[in-house]
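What follows is a short report on a single structure.
Quick note: numbers below take in every heavy atom, side chains included, and nothing from hydrogens, waters or symmetry partners.
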Amino acid sequence: MTGRPQFNYPAFHQAAALLRAAGHVVINPAENPAPACGSWIGYMRMSVAQVASVDCLVMLPGWPHSKGARIEFILAKLLGLATYPLKKKGSIPV
């Protein structure tokens, strides 16, 4: 997330590891390559395509403070996808 230390990548990687260990297929935006343009919109272009390709979203704690995560959440809801919060202690409801 913009403005967070290391773009909050450690939290993304921890969440992905938990979900994968539980047997889920994970698309982790923190594993995306940098877009050629290097801009926020470049990252969002990848993100929008990824949201459109998944069955559900798992939202990290603090996601409402991220403009990109809010866009992803709204898109998921408009597409009829389920969204789940990742609990602070690492548990997941999926």
Cluster check I71, I74: I/L/V/M/F/W/Y, side chain < 4.5 angstrom: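 Result: no, two separate clusters.
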Cluster link L79 to V54, ILVMFWY, side chain under 4.5 Å: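 As far as the 4.5 Å side-chain criterion goes, V54 and L79 are connected within one cluster.
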Mind listing the closest non-hydrogen atom pair of [X] and [Y] along with its distance?
| X | Y | result |
| --- | --- | --- |
| M46 | P35 | CE-CD, 3.7 Å |
| A69 | M59 | O-CE, 3.7 Å |
| D55 | L81 | O-CD2, 3.6 Å |
| T83 | A76 | CG2-CB, 3.9 Å |
| C37 | G42 | SG-CA, 3.6 Å |

With rounding to the nearest 0.5 Å, note down the distance linking [atom1] in [X] to [atom2] in [Y].
| X | Y | atom1 | atom2 | result |
| --- | --- | --- | --- | --- |
| R4 | L60 | CZ | CG | 8.5 Å |
| M44 | Q50 | CE | CD | 10.0 Å |
| W40 | S47 | CH2 | OG | 9.0 Å |
| I27 | L57 | CD1 | CG | 9.5 Å |

Parallel, tilted or perpendicular, as decided by the 30° and 60° cut-offs, for the rings of Y9 and H13: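 Ring orientation, 0 to 90° scale: perpendicular.
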Within-4.5 Å side-chain heavy-atom neighbours: W63 and E72: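 Result no, sub-4.5 Å side-chain heavy-atom pair not found.
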Check: N28 and R20 side chains under 4.5 Å, non-hydrogen atoms: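 Heavy-atom side-chain distance check passes, below 4.5 Å.
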K77 atom NZ, neighbour heavy-atom count above 12 within 6.0 Å: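 More than 12 heavy atoms, drawn from other residues, nucleotides or ligands, come within 6.0 Å of this atom.
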